[in-house]
There are 2 protein chains.
Amino acid sequence: MSPELAREPVAPRPHTGRRRNPAVRQAVLDRAAELLAGPDGMAVSIDAIAQAAGVSKHTIYRWWPSKGAVLLEATVERAQKEVTVPDTGALTTDLEAFLADTFRAVDEVAPLLRGLMAEAMRDTVAADGMREFISARRNELRGLLVRGLDRGELPAETDLEMTIDQIYGLMWYRILIARSPVTADVATRLARAVTRPGAPG
Amino acid sequence: MSPELAREPVAPRPHTGRRRNPAVRQAVLDRAAELLAGPDGMAVSIDAIAQAAGVSKHTIYRWWPSKGAVLLEATVERAQKEVTVPDTGALTTDLEAFLADTFRAVDEVAPLLRGLMAEAMRDTVAADGMREFISARRNELRGLLVRGLDRGELPAETDLEMTIDQIYGLMWYRILIARSPVTADVATRLARAVTRPGAPG
DNA sequence: CTTTGACGGAACCTATGGTTTCGTCAACTG
DNA sequence: CAGTTGACGAAACCATAGGTTCCGTCAAAG
């Protein structure tokens with residue numbers, strides 16, 4: 001409370017004491033992802049994760065605020081394989097490549113995403129994180145489409161948000177509801193359908 | 001075990017005793033729907049439904065196998081407002097009307113559908129019922145599209161399943177993830193985008 | 001009047017998310 | 001080396017919720 005103490009608002013104390021064990025973090029995330037992707041992924045309990053990771057439940061809650069946070073981090077870590085956003089100057093080509101890349105990355109972790117979605121329905125941490133993730137993806141896709149729009153490769157009246165909803169709508173629909181794969185082939189056909197360069201594939 | 005008794009495999013005994021009270025059934029479904037659509041719809045407990053309906057928990061489990069079954073029935077009962085499947089001979093018109101009708105019915109119960117979906121992620125009864133419901137809707141839409149295809153209003157190479165996925169994908173994406181409304185206006189634009197009769201709306 | 005079965009109330013069991021306590025051990029500092 | 005900080009494991013603990021069971025009561029049919 002003294003001015004002397006208040007002068008240093010966030011004292012960057014050099015962290016004494018035992019350090020966090022990185023292996024613990026990784027083990028938790030790895031087991032969480034495995035269990036989440038397993039046949040019974042909708043019902044992963046914290047106890048199960050702790051036991052599988054050979055870690056105490058206490059330690060998990062020491063570093064993550066809720067089960068949703070664990071599942072979110074485990075999933076994002078695996079889905080974040082960098083999806084390149086191409087900019088070759090041709091909309092259909094760019095979109096096709098972007099979607100193929102996205103779908104490939106997402107299809108691998110589809111069971112993860114289903115489980116995470118189930119958790120996000122109840123856990124606000126997971127929900128917020130997922131929204132953020134989804135929003136970032138939308139922004140990249142929107143940028144790609146806007147470039148095409150500016151080059152006149154899309155009709156000026158195109159409803160961008162609806163186009164984006166169509167694309168990600170199909171993706172999530174197949175992941176969450178239909179449980180059918182999203183392949184590079186689907187990416188190609190969808191890209192053509194949305195940009196409609198004449199006849200569909 | 002005697003032949004005489006075995007001869008009547010399912011004896012349709014005329015049901016003696018006290019009858020089921022229809023008001024109980026209705027009260028449970030009504031309160032369940034209300035709670036599910038409420039601000040906290042993701043976390044409706046059986047106890048809460050029982051209490052709100054002025055009914056014993058025992059009675060609920062007497063008639064429904066699980067919470068998911070209750071929520072499913074409550075939702076379907078409200079979403080089953082008959083959606084007419086028009087057949088005027090013009091694909092775009094038919095599709096537009098069908099989607100407008102569907103979206104109007106679905107948009108009203110969007111919170112219900114979100115809650116039911118959350119439950120379906122864990123309860124197989126709810127999941128199976130939902131799949132059935134979704135499958136029936138897909139079949140109607142497919143029929144409508146096939147008629148247009150037969151009349152040559154769609155390119156012969158059109159991938160019907162992907163078209164259906166695009167449509168219902170957008171709908172579910174807006175309901176579950178974006179939480180944006182699905183309006184008659186969206187129906188119009190989507191119908192035109194999918195049938196692409198020249199320029200988009 | 002007797003039987004059947006619906007209904008309410010309440011106790012009960014189990015699983016799970018989340019918290020707390022305690023003891024131990026590893027790392028850094030003086 | 002000694003003391004302090006803090007990560008970690010073990011286990012008890014609490015609250016909530018889904019689901020079951022038991023009991024007593026009441027309504028409808030023969």
Side-chain angles (χ1 to χ4, degrees), chain A residues 11-29 31-32 35-36 40-74 115-116 118-127, chain B residues 11-29 31-32 35-36 40-74 115-116 118-127:
Chain A
R13 184 154 48 89
H15 179 74
T16 106
R18 182 178 181 178
R19 305 298 183 72
R20 177 177 186 181
N21 182 357
V24 164
R25 186 191 109 97
Q26 205 54 50
V28 169
L29 294 181
R31 297 313 119 188
L35 289 171
L36 195 55
D40 189 68
M42 307 312 180
V44 190
S45 72
I46 284 284
D47 289 276
I49 297 174
Q51 194 175 341
V55 152
S56 125
K57 208 167 57 154
H58 179 222
T59 301
I60 294 185
Y61 282 110
R62 179 77 184 70
W63 298 107
W64 290 275
S66 69
K67 189 175 76 164
V70 178
L71 302 185
L72 174 69
E73 192 168 335
L116 179 59
E119 195 58 30
M121 294 286 202
R122 228 166 316 98
D123 184 303
T124 64
V125 175
Chain B
R13 184 152 50 86
H15 179 72
T16 111
R18 183 178 179 177
R19 306 297 182 74
R20 177 178 187 181
N21 182 357
V24 164
R25 186 191 109 97
Q26 205 55 49
V28 169
L29 294 180
R31 296 312 119 186
L35 289 172
L36 194 57
D40 189 68
M42 306 312 183
V44 190
S45 73
I46 283 283
D47 289 274
I49 296 174
Q51 194 175 340
V55 152
S56 126
K57 210 166 55 151
H58 180 212
T59 301
I60 294 185
Y61 281 110
R62 179 76 183 74
W63 298 107
W64 289 276
S66 69
K67 188 174 76 163
V70 178
L71 301 184
L72 175 68
E73 192 168 335
L116 180 60
E119 194 58 32
M121 294 286 203
R122 228 166 319 97
D123 184 304
T124 63
V125 175

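To find a chain, count down the sequence lines: A is the first, B the second, and so on, and within it residues start at 1.
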query: To the nearest Å, how far apart are B/Arg20 CZ and D/dC26 C1'?
result: 18 Å
- line: Rounded to the nearest 0.5 angstrom, the CG-CG distance for A/Leu29 and A/Leu36 is 11.5 Å
- prompt: Once you round it to whole Å, what is the distance between C1' of D/dG18 and CZ of B/Arg122?
  reply: 11 Å
Atom-pair distance (CG on A/Asp123; P on C/dT16), nearest Å: 17 Å
statement: Whichever of B/Ser45 and A/Gly17 has the more 5' nearest nucleotide on DNA chain D, that residue is A/Gly17
- prompt: Rounded to whole angstrom units, what separation is found between the CG atom of A/Asp47 and the P atom of C/dT14?
  reply: 16 Å
query: Separation of A/Arg19 atom CZ from C/dT29 atom C1', in whole Å?
result: 12 Å
message: Expressed as a whole number of angstroms, how long is the span from B/Ile46:CD1 to C/dC12:P?
response: 22 Å
query: Between B/Trp63 and B/Arg25, is there a cation-pi geometry (under 6.0 Å to ring centre, at most 45° from the normal)?
result: no
message: Tell me whether the side-chain N or O atoms of B/Arg18 pair up with the base of D/dA28 as donor and acceptor below 3.5 Å, since no angle test is needed here.
response: no
- line: Under a 4.0 Å heavy-atom cutoff, the residues of residues 52-67 of chain A touching DNA chain C are A/Lys57, A/His58, A/Tyr61, A/Ser66, A/Lys67
message: Once you apply a heavy-atom cut-off of 4.0 Å, does A/Val44 come out as touching a base, just sugar-phosphate, or nothing?
response: sugar-phosphate
- prompt: Any donor-acceptor pair under 3.5 Å linking the side chain of A/Lys67 with the backbone of A/Glu119?
  reply: no
- prompt: For A/Ser66, which residues count as a side chain to side chain donor-acceptor pair (under 3.5 Å) partner, sequence neighbours excluded?
  reply: A/Asp123
- prompt: How far does CD1 of A/Ile60 sit from NZ of A/Lys57, to the nearest 0.5 angstrom?
  reply: 9.0 Å
- prompt: What is the distance, rounded to the nearest whole Å, between atom CD of B/Gln51 and atom P of D/dA17?
  reply: 11 Å
query: With a cut-off of 6.0 Å (strictly less than), are more than 12 heavy atoms of other residues, nucleotides or ligands near CD of A/Gln51?
result: no
field: Euclidean distance, A/Met121 CE relative to B/Arg122 CZ, rounded to 0.5 Å
entry: 10.0 Å
message: What is the separation between atom CG on A/Asn21 and atom P on D/dT5, rounded to the nearest whole Å?
response: 22 Å
